[in-house]
Amino acid sequence: MIRKIRNAVSLLRRDPAMLAHVLRYRLHDRESPIPPMSGRMRKAPNGVSKTVADVVKAVKDGAGYNRILVYGDAAFYEAIVSGVRAADCLWASSNYADHAQGAENINRIALSDFDCVVVGGPGVGPDYRHVLRLMHAHDCYRPTFWAADGFEFCAGTLPVPAECSDADVYIFNHFEDFFGLKDPLQVKIEVFDQVTSKIEWLLLPPRRGLKVNLNEWLPNRQGPACISQFVAHPVLTRGRHYRWRGTGHLLWADSATSLHGGHDFRGPASDNEFKVSRAILNKGNLVITLPNYDLDATEEGAVLECIDGQVISSRTRSRDRRIEQLDFRNDGVDSGVDDYVGCKYKGYGASFWFSLDDAVPGPRGDHRNIASNHSARAPLRVTPDRLNGVEAALPLITGLSDAGVMLHPHAVPVSGADDPVEFGFEFDANVPRLGCFSITAFDHEGALVTAFKFEKTDVGPAMARDVLGELDPVMRDRVGLIVVAPDWVAMDLDPRGRGPSGNLVARHRSTHDFDVTEFQSCWRNLGIQVNEFPHWLSQDRMLAGRTNVFSSVPAGAKVRPAVLLVNGSGARDYANAADYRLRLLNPTGVEIVADGTLGPFCHQMVWLDEAFAEQSAHLDDTFGTLLVQSYDADLNANLIVVWRDQAVSLQHMWGY
């Protein structure tokens, strides 16, 4: 007890916030005793915990763990030896006092002599980090089990529908660039379908990436599948969140789509409700994946409410399958404004939707197209509170407009006629659907060209050049960027308490192959704070913008990746140019750098083979990870990949 008090006082002096964090863990553990672990990692609101009994069971259940290195104090060593009686255990410690009692110095031991390592005792946090660093330094990974309370965890999942021919998911140890953590991480990779699971544990050093190919891991997969990664560590994000997104590229027919992984671990009682406009599809299937990754769906959670068109009905999913998919057919009949598919259920794990289109018309003829995104919250039913009139908010909207502020602005680049990719948008699945917009157009140097109203009468994506179609041709040719903002007054809707949910669309100009991603607004770089409409990260981001985002990129002769950058704002008089840096890392963590400047209300499509002359040799036809950084502004950044000069995929980059 005296030692614990002394340690607490020391921690209070060094890091009061961390002491509070530890105390919250202890309080949670006392109030909610954690049952013995099963074969899966136990999740808790503030982290994960494992007991000595859990470690003993893991060692006994493992294959070939006969020579065990026990790293900790004498009490932990004795507990492991008494639990694993037949195993050959060696005691190691980082504490000089333990060496006098017979423990070996961990730094003088050949880790390759052991089948696994177990870590515990009062110094489990630094000891666990130490042994992983030793493994990295000596290029010798051994499965490492730990007994501790409240390790942080981060994880991500990315589902793949049954129809996809293949998928690659790239995972990057970004914790150094975002949280200052320079540790190698022991990572669990799992790939599973409805009947099979394959698991590997590996050591992933900081700033290193890895690729998981679905067909290599599950060559005979059945039904939909999922690729997941998990890490538990003494410290990861310092309590901020448990997100660890991978970058996925999925193939279907001659098309491709890009996604970031899901990060929903809220528990089986959490509510999920979303829908997608069927207008995203011409003829084919809309697929929705349903997660039950820990097989803990409740009886209530097995019942789904589904919308198909405007008909809402009940369906039942299996509680014995970790992943399923719903298929909604469109036989080529034109979709109306109220034609949706979607579902509502209790559970977690993040659903995704996939448009598998058999007949996208384009300049080269019809072709098959895949587009996808994660679910975005959208109620199946439009309740009266979603239709509140604008009158009460009108003074606020008018005041913001008079102050030169565009409310809920979304930037859409206007690409040149010779550019291979063009851009558009849609808000058809927003509740209610958004059809009236205020358009503010800027030229290629960021100067204001014109502002006008636009009504989107058709469903489906509206391309930027279509929006500009009624302008004078000379004026239209000047425009390089349009800022699209919902016209709440024209739609008689109160915007307070809601954020519009839409998709940015990237379309191949020669084939009309397209993909979508969650539309990242330009509610940034404002220079003022608007309390009624907070920034999604923190209010100070409205005043002092900065950029630190990433995603992984494929490489090789069949792909051409680019990053789409936009320096936008909700303030019409925004005048800040942004210096930015692109950092392209290969799988071993070696980086090359390219710098640029982007003016206000301007965009750049930066093709990586043009920004980095040595890109091909640097990535060696494998893959890379791209970081986009700016100290001057909060930039929109999206990954664009052109596949075989006929398909395009799109995914916004992220910063955590």
Between Asp88 and Asn66, a side-chain donor and acceptor under 3.5 Å: no
Any Pro561 side-chain heavy atom under 4.5 Å of Gln615 side chain: yes
Any residue meeting ring-ring contact (aromatic ring centres under 6.0 Å, His included) with His138, in chain and number order, not counting sequence neighbours: none
Lys/Arg-Asp/Glu bridge criterion (N-O < 4.0 Å) met for Lys346, Asp271: yes
Considering all heavy atoms, the nearest Gly121-Asp73 contact: CA-OD1, 3.8 Å
Mutual orientation of the aromatic rings belonging to Phe230 and Phe153 [parallel < 30°, tilted 30-60°, perpendicular > 60°]: parallel
Side chains of Ser93 and Asn95, donor plus acceptor under 3.5 Å: no
Parallel, tilted or perpendicular: ring planes of Phe178 versus Phe550, cut at 30 and 60 degrees: tilted
Aromatic ring pairing Phe151/Trp146, orientation class (parallel under 30°, perpendicular over 60°, tilted between): parallel
Side-chain donor/acceptor of Lys60 to backbone N/O of Gly83, under 3.5 Å: yes
Under 3.5 Å donor-acceptor, Arg317 side chain and Pro291 backbone: yes
Asn373: side chain to side chain donor-acceptor pair (under 3.5 Å) partners, not counting sequence neighbours: Asn503
Asp139 atom CG, over 12 foreign heavy atoms within 6.0 Å: no
Centroid-centroid distance, Phe179 to His241, less than 6.0 Å: yes
Pair Tyr141-Trp201, ring pair (Phe, Tyr, Trp, His ring centres under 6.0 Å): steps then yes or no: CA-CA 9 Å; Tyr141 169 68; Trp201 290 86; 8.5 Å; no
Any donor-acceptor N/O pair, Asp54 side chain to Thr51 backbone, under 3.5 Å: yes
Heavy-atom pair of closest approach, residues Ser255 and Ile370: OG-N, 3.2 Å
Gln186 (side chain) donor-acceptor with Thr144 (main chain) under 3.5 angstrom: yes
Non-hydrogen atoms of Pro205 and Asn173 that approach each other most closely: O-ND2, 3.1 Å
Any side-chain donor near an acceptor of the partner, His652 and Asn636, under 3.5 Å: no
Lys/Arg-Asp/Glu bridge criterion (N-O < 4.0 Å) met for Arg315, Glu324: no
Tyr77 and Trp91 aromatic ring geometry - parallel, tilted or perpendicular at 30°/60° bounds: parallel
Arg207 and Asp177, any side-chain heavy atoms less than 4.5 Å apart: yes
Side-chain (Asp183) to main-chain (Leu185) donor-acceptor, under 3.5 angstrom: no
Closest heavy-atom pair and its distance - Leu111, Cys140: C-SG, 3.9 Å
Least distance between heavy atoms, Phe76 atom then Ala147 atom: CE1-CB, 4.1 Å
Arg142 to Phe114, cation-pi by 6.0 Å centre distance and 45° axis angle: no
Intermediate values then yes/no, side-chain contact (heavy atoms from CB on, under 4.5 Å), Leu210 and Val187: CA-CA 11 Å; Leu210 63 93; Val187 178; 5.6 Å; no
Pair Arg581-Glu591, salt bridge (charged side-chain N to carboxylate O under 4.0 Å, His left out): steps then yes or no: CA-CA 12 Å; Arg581 171 159 289 184; Glu591 72 170 39; over 6 Å; no
Residues Ser649 and Asp515: side-chain donor-acceptor under 3.5 angstrom: no
Donor-acceptor pair, side chain of His618 and main chain of Leu584, under 3.5 angstrom: yes
Among Phe172, Phe175, Trp654, ring-ring contact (aromatic ring centres under 6.0 Å, His included) partner for Trp244: Phe175
Flag, side chain of Gln194 to backbone of Pro224, donor-acceptor distance under 3.5 Å: no
Backbone of Thr622 reached by a side-chain donor or acceptor of Asp620 within 3.5 Å: no
Atom of Thr157, atom of Cys226 and distance for their closest heavy-atom approach: CB-SG, 3.9 Å
Donor-acceptor side-chain pairing of Asn220 and Gln222 below 3.5 angstrom: no
Pair Ser351-Tyr345, side-chain donor/acceptor within less than 3.5 Å: yes
